[in-house]
Student: 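Questions regarding the structure given below will be posed in turn.
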Amino acid sequence: MRLHNFALGLITGLIALATPAHAFVAEEERLFDVDNPSATLNIISTADLDIFSPLVDAFQERNPTVRVRYVTASSSELMKALFEENAEFDIAISSAMDLQTKLVNDGFAERHVSAETGSLPSWAKWRDRLFAFTQEPAVLVYSREAFEGLPQPTNRDELIALLRENPDRFNGRVGTYDIRESGAGYLFATQDSRQSESLWRMAEVMGRLNARLYCCSSQMIGDVADGQLALAYNVLGSYAAQHLENHPDLDILQFKDFTTVMLRTVLIPTTARDADLAGQFIDFLVSAENRQLIEDLTGLPSIDPAVLQREAAFRPIRLGPGLLVYLDQLKRRTFIRAWLNAMVQP
């Protein structure tokens, strides 16, 4: 069976996917078509198409009559699509663990139980509705040239001191998430605040250096690779690693004080048209026998408890109701206001 992968929209700007005035906004859409399709799997995901498409191809090799429609959106837009608009998708994949947890907690996800989900560690699933299939450290990506002649920081305190002592070198060349817009960025920031008070000192020094704020890891990494930034803070190491081979000036640093590990999760929305097919796709992602396949095809680190035991500085974000704390609207407004006061300075 020959597969035809073609772009329904390789969109240079953001496009609205639906007609209502407040329709969620997507970044890209692709139809992975097949000959004589028997079913269509509709996926909404925060994972970039160029990273995730090999996994879609691998799934279709095993299910050659399944057509896949893959829509990418930011984590906040994905949440809007499912939570506010009841958009019809069979699968939702996101790096924003807190928003995925809220979807489950508020009754927007279907239950799925199988031998494959049973193979996951208890910390990689919640309520048989939310399942992790990767464990991805948040790292510092930096330009070797920008750091030439400077000591390499090993923890956040050393990085803060380095930035303070070299304002001419780093002014306007520091990148991080805009936590007002990025669900993953907000998640990382709140987790940082739980681990250490260094978040607020980091935000203050970045604000003084006129830090540039971004929606997503890929844009930050690209700007470091192009020389526009000297460093990008808290980006996904899995995305950064894919740039190292073609950009020898680029490097990755995992902090020794603590390194936050995000679990990329998948769920079946209650609006799914084909929950059984969605369950097959989840089983494909979480199966123990496919974990190495996922890593080989995408570069995304698969679920591996041994890595978490071996890396003493790794702090995996735990699935569960604890992730809902900072989604409380009052707490969220207070947190963002404090972050803005430190980060956005006159």
Side-chain angles (χ1 to χ4, degrees), residues 43 45-59 72 75 91-98 100 116-117 119-126 130-142 177 183-185 187-188 191-192 195 216-218 220-221 224-225 232-247 250-267 281-319 323:
I43 301 175
S45 173
T46 63
D48 292 351
L49 251 171
D50 58 347
I51 289 177
F52 212 80
S53 59
L55 271 186
V56 176
D57 291 336
F59 177 75
T72 60
S75 52
I91 287 287
I93 297 169
S94 179
S95 53
M97 297 168 62
D98 49 355
Q100 294 278 82
E116 288 77 8
T117 60
S119 72
L120 284 170
S122 59
W123 48 263
K125 56 187 174 184
W126 190 53
L130 186 61
F131 309 96
F133 64 98
T134 71
Q135 52 188 51
E136 303 174 48
V139 302
L140 181 79
V141 176
Y142 67 95
Y177 290 104
L187 173 65
F188 286 145
Q191 293 300 309
D192 276 7
Q195 296 288 341
C216 46
S217 285
S218 55
M220 275 188 275
I221 296 165
V224 177
Y233 177 73
N234 258 2
V235 300
L236 292 175
S238 52
Y239 282 19
Q242 299 187 13
H243 288 72
L244 294 184
E245 184 176 348
N246 296 324
H247 297 89
L250 205 66
D251 211 344
I252 295 173
L253 175 66
Q254 293 180 0
F255 290 114
K256 292 183 178 179
D257 48 353
F258 67 90
T259 295
T260 301
V261 179
M262 177 272 292
L263 308 181
R264 193 177 297 269
T265 60
V266 57
L267 58 81
F281 189 75
I282 287 179
D283 290 346
F284 170 76
L285 290 180
V286 307
S287 169
E289 67 180 27
N290 288 340
R291 289 173 192 169
Q292 189 58 52
L293 174 70
I294 289 174
E295 197 156 340
D296 292 343
L297 291 178
T298 67
L300 303 177
S302 58
I303 295 297
D304 188 349
V307 171
L308 300 182
Q309 294 172 358
R310 186 170 63 248
E311 298 286 349
F314 277 11
R315 301 288 188 273
I317 305 172
R318 301 294 180 181
L319 290 172
L323 284 171

Student: Considering non-hydrogen atoms only, spot the tightest contact between S75 and A184 and give its length.
Tutor: OG-N, 3.5 Å
Student: Rounded to the nearest 0.5 Å, what separates atom CG in N290 from atom CD in E295?
Tutor: 13.0 Å
Student: Is the shortest heavy-atom distance from the side chain of V141 to the side chain of L250 under 4.5 Å?
Tutor: yes
Student: May I ask you to test the L130-L319 pair for a side-chain heavy-atom distance under 4.5 Å?
Tutor: yes
Student: Compute whether any side-chain donor of one residue and acceptor of the other, for T265 and Q100, lie under 3.5 angstrom apart.
Tutor: yes
Student: Would you say the side chain of I317 lies within less than 4.5 Å of the side chain of L323, judging by non-hydrogen atoms?
Tutor: yes
Student: Just how far is it from atom CZ of F314 to atom CD of Q135, taken to the nearest 0.5 Å?
Tutor: 8.0 Å
Student: Donor-acceptor check, side chain of S287 to backbone of F284, threshold 3.5 angstrom: yes or no?
Tutor: no
Student: Quick one: pull up CD in E311 and CG in D304 and give me the separation to the nearest 0.5 Å.
Tutor: 10.5 Å
Student: Between the side chain of K125 and the main-chain N/O of T117, is any donor-acceptor distance below 3.5 Å?
Tutor: yes
Student: Can you find a heavy atom in the side chain of T259 that is under 4.5 Å from one in the side chain of R315?
Tutor: no
Student: For residues P54 and D50, report the shortest heavy-atom separation together with the two atoms involved.
Tutor: CD-O, 3.9 Å
Student: Classify the ring geometry of F281 against F52: parallel below 30°, tilted from 30° to 60°, perpendicular beyond 60°.
Tutor: tilted
Student: With side chain to side chain contact (heavy atoms under 4.5 Å, CB included) as the test, pick out the partner of R264 among I303, L285, L300.
Tutor: L300
Student: Provide the closest heavy-atom pair for L297 versus A58 in the form atom of the first, atom of the second, distance.
Tutor: CD1-CB, 3.8 Å
Student: With a 4.5 Å heavy-atom cut-off, do I252 and L140 have their side chains touching?
Tutor: no
Student: Going by atom types alone, do E136 and S238 pair a side-chain donor with an acceptor below 3.5 Å?
Tutor: yes
Student: Are side-chain heavy atoms of C216 and Y239 found at a separation under 4.5 Å?
Tutor: no
Student: Does a side-chain heavy-atom distance below 4.5 Å link W123 with L308?
Tutor: yes
Student: Is there a donor-acceptor pair closer than 3.5 Å between any side-chain N or O of S302 and the backbone N or O of R291?
Tutor: yes
Student: Students often mix this up, so state it plainly: with edges at 30° and 60°, are the rings of F188 and Y177 parallel, tilted or perpendicular?
Tutor: tilted
Student: How long is the straight-line distance from CD of Q242 back to CD1 of I221, given to the nearest 0.5 Å?
Tutor: 8.5 Å
Student: Set out, in order, the CA-CA distance, both residues' side-chain angles and the distance that settles side-chain contact (heavy atoms from CB on, under 4.5 Å) for D48 and T72, then state yes or no.
Tutor: CA-CA 7 Å; D48 292 351; T72 60; 5.9 Å; no
Student: Sub-3.5 Å donor-acceptor pair from the side chain of T46 to the main-chain atoms of S95, do we have one?
Tutor: yes
Student: Whether the side chain of Q195 engages the backbone of D257 through a donor-acceptor N/O pair (distance < 3.5 Å, no angle test) should be reported.
Tutor: no
Student: Give the minimum heavy-atom separation between S217 and L236, together with the two atoms involved.
Tutor: OG-N, 3.0 Å
Student: Identify the heavy atoms of L120 and A132 that sit nearest to each other, and give their distance.
Tutor: CD2-O, 3.5 Å
Student: So which heavy atom on I51 is nearest to which on T298, and how close?
Tutor: O-CG2, 3.4 Å
Student: CZ of F59 to CG of L293: how many Å apart, nearest 0.5 Å?
Tutor: 12.5 Å
Student: Hey, are the side chains of V224 and Y142 touching, using non-hydrogen atoms and a 4.5 Å cut-off?
Tutor: no
